[in-house]
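Not measured: the values here are computed from a predicted model.
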Amino acid sequence: MSSPLTVAVSGSTGLIGSALVARLRADGHSVVPMVRRPAREGEIHYDPHSGSLDPENLIGLDAVVHLAGAGIGDRRWTNAYRREILESRTLSTSLIARSMAEVVNRGGPRTLLSGSAIGIYGATDDEELTERSAAGTGFLADVCRDWEAATAAAEDAGVRVAHLRTGIVLSPAGGALKKLLPLFRLGLGGRMGSGRQWQSWISIDDQVGAIVFLLTADISGPVNLTAPSPVTNAELTTALASALSRPAIVPIPSFGPRLLLGRDLADALLFTGQRVLPNRLTDAGFAFEHGTLSEAFTSLLRR
């Protein structure tokens, strides 16, 4: 095992953050949660809206993993919630980046792994997308572009910054898979719309494994956190139904989710997609535990 690290993690109670904290501690590393409520012993308080974060509290850390942000699919995209989605990411990222820049040469952390998403590529058809691909258009692409730009102060100060462009994280504990499981277990699942939209997924184990890998890998800039085998929505739903020994014969037409969620949110999450490849991870030698959906579902659905 490599030398133990001391890592601050924001969003430490979320789906990815809680799994990451558990993995880091199991591996013998020290974790310092970054919280917006009053800090307890062993935590760091920060408040993005007031700009409150004492840079001195970062001294002695090896790295910061910044995962906090309002949930993309938690509510309808009203103008107010669009602003919250954006500002919950850009304000917090900018605050952490500026604070790291202040202490990087005084024993502060020299690595920042900052959240992002494959939404930066916009809605695409069959084009294979890598970290070299250009940013797309649309609300999520704009959010991700501003989110990544908010790390500039840390990068300018010499901090190694990697942008975690995350795909659909599969976990029975939360996210898309948790929402799909009850329907599919009843045999009522099926493709979304045409089913031809690409779904770039990653298991929660590989998501966490990739973050741990990037803590010490000599990689900066954008990194796609997706499995090497993106699938269409029809393929994903068929594989899930098969893993549960259920049929997948009830397609979900687009008008229902659009009515419930609003057209923009439904289209962004369900009816458009991206075919994303994790070239920088694979080129650096990261070994996926779950390279295919069948491997992922076999492991995840046992839990």
Side-chain angles (χ1 to χ4, degrees), residues 14-16 18-19 71-77 117-119 121 123-129 140 166-210 224-278 288-303:
L15 176 65
I16 298 170
S18 58
I72 295 294
D74 288 359
R75 298 186 219 161
R76 273 179 172 263
W77 284 357
I118 60 172
Y121 301 115
T124 58
D125 294 319
D126 290 333
E127 178 188 0
E128 290 187 340
L129 302 165
L140 291 183
T166 299
I168 300 168
V169 179
L170 298 181
S171 167
L177 182 57
K178 182 180 180 180
K179 293 176 181 177
L180 289 173
L181 279 174
L183 196 64
F184 275 73
R185 282 180 170 140
L186 291 172
L188 300 175
R191 60 176 169 78
M192 301 281 183
S194 71
R196 293 192 297 271
Q197 64 273 32
W198 285 94
Q199 313 267 252
S200 296
W201 61 275
I202 186 169
S203 73
I204 185 65
D205 299 334
D206 283 329
Q207 173 76 15
V208 168
N224 292 335
L225 269 61
T226 60
S229 54
V231 295
T232 64
N233 175 263
E235 291 169 332
L236 186 147
T237 52
T238 298
L240 178 56
S242 176
L244 294 169
S245 301
R246 296 289 188 272
I249 56 176
V250 185
I252 299 174
S254 58
F255 71 83
R258 283 173 174 166
L259 185 64
L260 290 172
L261 303 175
R263 174 180 286 270
D264 290 347
L265 173 56
D267 285 353
L269 295 188
L270 303 175
F271 301 115
T272 61
Q274 302 90 15
R275 188 179 187 181
V276 179
L277 300 177
F288 285 86
E289 287 187 49
H290 306 132
T292 67
L293 267 182
S294 61
E295 292 172 344
F297 285 145
T298 297
S299 174
L300 295 172
L301 297 179
R302 289 176 182 161
R303 303 176 189 178

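- Not a single salt bridge (Lys or Arg N to Asp or Glu O under 4.0 Å) links R302 to another residue, sequence neighbours left out.
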Item to check | side chain to side chain contact (heavy atoms under 4.5 Å, CB included) evaluation trace for L240 with L301 | outcome: CA-CA 10 Å; L240 178 56; L301 297 179; 4.2 Å; yes
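- Between Y121 and N224, some side-chain heavy-atom pair lies under the 4.5 Å cut-off.
- Going from atom CG of D206 over to atom OG1 of T226 covers 10.5 Å, rounded to the nearest 0.5 Å.
- S171 is listed as a side-chain neighbour of L15, based on a closest heavy-atom distance under 4.5 Å.
- Atoms CG and CZ, from L177 and F184 in turn, are 9.5 Å apart once rounded to the nearest 0.5 Å.
- Closest approach of P278 and F288 over heavy atoms only: CG-CZ, 3.8 Å.
- A donor-acceptor contact shorter than 3.5 Å links the side chain of S229 to the backbone of G291.
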Item to check | Residue pair L129, I118: steps toward the side chain to side chain contact (heavy atoms under 4.5 Å, CB included) verdict | outcome: CA-CA 9 Å; L129 302 165; I118 60 172; over 6 Å; no
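- Remark: the backbone N or O of N233 is not paired with any side-chain donor or acceptor of E235 at under 3.5 angstrom.
- I252 approaches G190 most closely through the heavy-atom pair CD1-O, 4.3 Å.
- When side chains are defined from C-beta on, L293 counts as touching L170, because their heavy atoms get closer than 4.5 Å.
- Remark: side-chain polar atoms of T237 are paired, donor with acceptor, to backbone N or O of A234 under 3.5 angstrom.
- Using a distance-only test at 3.5 Å, with no hydrogens or angles considered, a donor-acceptor pair links the side chain of S200 to the main chain of Q274.
- Checking side-chain atoms of R275 against main-chain N and O of D126 turns up a donor-acceptor pair under 3.5 Å.
- Formation of a donor-acceptor pair under 3.5 Å by the W77 side chain with backbone atoms of I72 is found in this model.
- Rounding to the nearest 0.5 Å gives a distance of 9.0 Å between CD of Q199 and OG1 of T272.
- Closest non-hydrogen pair, L236 versus F297, comes out as O-CE1, 4.1 Å.
- Of all non-hydrogen atoms in D205 and S299, the two that sit nearest each other are OD2-OG, 4.1 Å.
- T166 and Q207 are linked by a side-chain donor-acceptor pair at a separation below 3.5 angstrom, with hydrogens and angles left out of the test.
- Using modelled atom types and a 3.5 Å distance limit, the side chains of R246 and S242 yield no donor-acceptor pair.
- For the atom pair CD (E289) and CD1 (I204), the distance works out to 11.5 Å, reported to the nearest 0.5 Å.
- With contacts defined as side-chain heavy-atom distances shorter than 4.5 Å, the pair P251/R191 qualifies.
- Residues L277 and P228 approach most closely at CD2-O, 4.0 Å, considering heavy atoms.
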